[in-house]
Number of protein chains: 2
Amino acid sequence: MRTISPPVGLPALAETDLVGQVARRLTEAIVQGRLLPGSKVVEAGIARELGVSRAPVREAARLLEQQGLLVAHPRRGFFVRQFAADDIDEIYDLRLCVERHAAVLAARNLTSESRDRLRRQIEVLHETADLEDPARQVEEDYRFHRLICEIAGNRRMLRLFDDLASELRMVIGLIGRLYDDPHEIARTHEPVLAAIEAGHPERIVAHVDYHIGHAWREVGRLVREIPPWPAAAK
Amino acid sequence: MRTISPPVGLPALAETDLVGQVARRLTEAIVQGRLLPGSKVVEAGIARELGVSRAPVREAARLLEQQGLLVAHPRRGFFVRQFAADDIDEIYDLRLCVERHAAVLAARNLTSESRDRLRRQIEVLHETADLEDPARQVEEDYRFHRLICEIAGNRRMLRLFDDLASELRMVIGLIGRLYDDPHEIARTHEPVLAAIEAGHPERIVAHVDYHIGHAWREVGRLVREIPPWPAAAK
DNA sequence: CAAGTCTAAACTGTCGACAATCGGCGATTA
DNA sequence: TAATCGCCGATTGTCGACAGTTTAGACTTG
């Protein structure tokens with residue numbers, strides 16, 4: 001009688017994943033604006049601060065580079081990415097392209113269970129709108145859009161969304177405030193869900209276009225208004 | 001009077017980028033099928049073979065992981081990615097989503113110069129069709145599609161395309177042959193370019209859909225036919 | 001003979017060390 | 001006075017080493 005390895009894929013807990021932990025800490029610091037765009041990320045410094053050696057820090061930095069949060073200048077080190085206005089356009093352009101598609105797919109795959117998750121998430125959006133916690137609000141907003149990608153069922157698309165979202169989180173973090181009243185933002189998610197439930201591709205695309213396009217314009221406006229990014233500490 | 005630094009831009013030579021070189025070698029080995037899906041990539045082995053230490057190899061491996069060519073199992077090492085039929089679907093689904101959009105943007109940005117580059121590339125496709133060099137043919141094919149993304153002008157989209165293409169190259173390399181007659185493939189690019197030149201979004205999308213959709217179906221068929229991937233040498 | 005156990009070898013995760021390189025700053029020169 | 005040159009400290013790129021874990025295989029046991 002075989003005591004087979006318990007079949008299913010639980011993502012092996014890698015409690016000793018230093019690289020992952022370092023990456024998370026760095027991401028946090030960047031998104032929260034503790035590491036400003038343009039500033040140099042000194043390997044030894046991070047390593048000492050976290051009580052690890054430079055090797056894991058380097059690997060984590062490469063990860064964040066691939067993710068677009070850091071840029072590497074060979075022989076000079078890693079720097080926190082600086083965003084220009086056209087970066088915002090690129091990100092939103094790509095996001096729009098992906099989310100249109102994701103929403104259409106999501107509509108096709110929609111089950112009562114996934115529909116409820118989307119509805120519930122909109123409720124959460126309304127609930128957090130009352131809290132004075134912009135970071136949380138941004139987070140829950142992305143969670144809704146991420147759900148759509150998840151329901152669409154394309155893992156690569158989901159990862160792409162996550163990458164775009166982490167760049168956007170950084171930008172929004174830098175702006176320091178939301179582009180709209182939280183309640184208003186929460187409300188504007190409803191037509192998108194309605195369109196997905198209705199299942200007409202054209203309507204879905206139209207509503208996603210409107211929703212994302214609005215954010216695009218507003219964030220773009222803010223970025224262009226407050227452009228001289230918070231001091232690129234060498 | 002300023003003796004400004006001798007004006008022009010020589011592309012900085014980064015000759016000492018071990019990580020990059022290792023990554024390229026590994027990618028090569030994988031795409032050419034010298035490292036089979038499922039096989040373990042032993043850091044020390046690669047390091048010795050290339051005459052470097054393990055550190056650069058690890059960093060390169062992390063890069064390929066992010067790119068989807070390798071998967072990392074904590075404490076067990078890196079393994080060459082195995083593709084299942086639904087991976088093909090994911091990749092083509094995303095590729096279709098991106099290229100539709102890219103083509104429409106490319107049409108919008110089209111200059112006589114970029115148009116000529118596209119035309120020229122189709123000629124190259126016809127020329128290489130006569131050679132008995134599938135790898136080259138695949139390469140030139142991607143070069144055409146990459147040009148479209150380049151002309152579209154969204155760097156992030158271009159990078160996404162490159163990532164998808166490297167996964168596809170690996171799959172096609174494994175299949176070991178093209179899904180169609182090279183001349184036929186070359187020919188089917190013409191309507192796509194024509195639609196882009198004409199500039200009607202609907203026509204562009206329709207032709208891209210047809211072109212990519214065809215490849216999708218054919219590659220999908222081959223993958224399902226020859227499914228038991230060449231021995232996953234543990 | 002299948003299943004289970006134990007041991008040695010093979011690897012990965014991390015670290016600390018060292019040489020090569022970069023950026024800044026003061027000295028030098030026109 | 002301003003542009004250059006050359007030196008010094010700081011930082012990166014790379015390496016070899018070591019501990020802890022996983023894997024492969026020989027060996028036992030029912």
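Reminder, nothing fancy here: chain letters follow the sequence lines and each chain counts from 1.
- For B:D93 and A:H101, the side-chain atoms include at least one donor-acceptor pair closer than 3.5 Å.
- More than 12 heavy atoms of other shown residues, nucleotides or ligands fall within 6.0 angstrom of atom CZ in B:R221.
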(request) Please lay out, stage by stage, how B:Y92 and B:I212 fare under the test side chain to side chain contact (heavy atoms under 4.5 Å, CB included). (result) CA-CA 8 Å; B:Y92 272 104; B:I212 311 268; 3.9 Å; yes

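- Near DNA chain D, meaning a heavy atom under 4.0 Å away, there are no residues from residues 62-73 of chain B.
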(request) Evaluate side chain to side chain contact (heavy atoms under 4.5 Å, CB included) for A:I148 paired with A:F161, printing each intermediate quantity in order. (result) CA-CA 10 Å; A:I148 292 179; A:F161 175 85; over 6 Å; no

(request) Please lay out, stage by stage, how B:Q66 and A:L63 fare under the test side chain to side chain contact (heavy atoms under 4.5 Å, CB included). (result) CA-CA 8 Å; B:Q66 192 77 3; A:L63 244 122; 4.1 Å; yes

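- For B:I46 and C:dC11, the CD1 to P distance is 11 Å, given to the nearest whole Å.
- Regarding B:E59, its CD atom lies at a distance of 12 Å from the P atom of D:dT12, rounded to whole Å.
- For the pair B:K40 and C:dT12, the criterion of a side-chain N or O lying under 4.0 Å from OP1 or OP2 is met.
- Residue-level contact check: A:V41 touches the backbone only, with heavy atoms under 4.0 Å from sugar-phosphate atoms and none from bases.
- For the segment residues 48-58 of chain A, the set of residues with a heavy atom within less than 4.0 Å of an atom of DNA chain D comprises A:R54, A:R58, in numerical order.
- A:L18 has its CG atom 10 Å from the P atom of C:dG13, to the nearest Å.
- An OP1 or OP2 oxygen of C:dG23 is reached within less than 4.0 angstrom by a side-chain nitrogen or oxygen of A:R76.
- The cationic group of A:R81 lies under 6.0 Å from the six-membered ring centre of A:F83 and within 45° of the ring axis, placing it in a cation-pi geometry.
- A:R75 places its CZ atom 11 Å from the C1' atom of D:dT14, with the value rounded to the nearest Å.
- No donor-acceptor pair under 3.5 Å is formed between the side chain of A:D116 and the backbone N or O of A:E113.
- Minimum interatomic distance between B:A60 and B:V22 (heavy atoms only, all atoms of both residues): CB-CG1, 3.6 Å.
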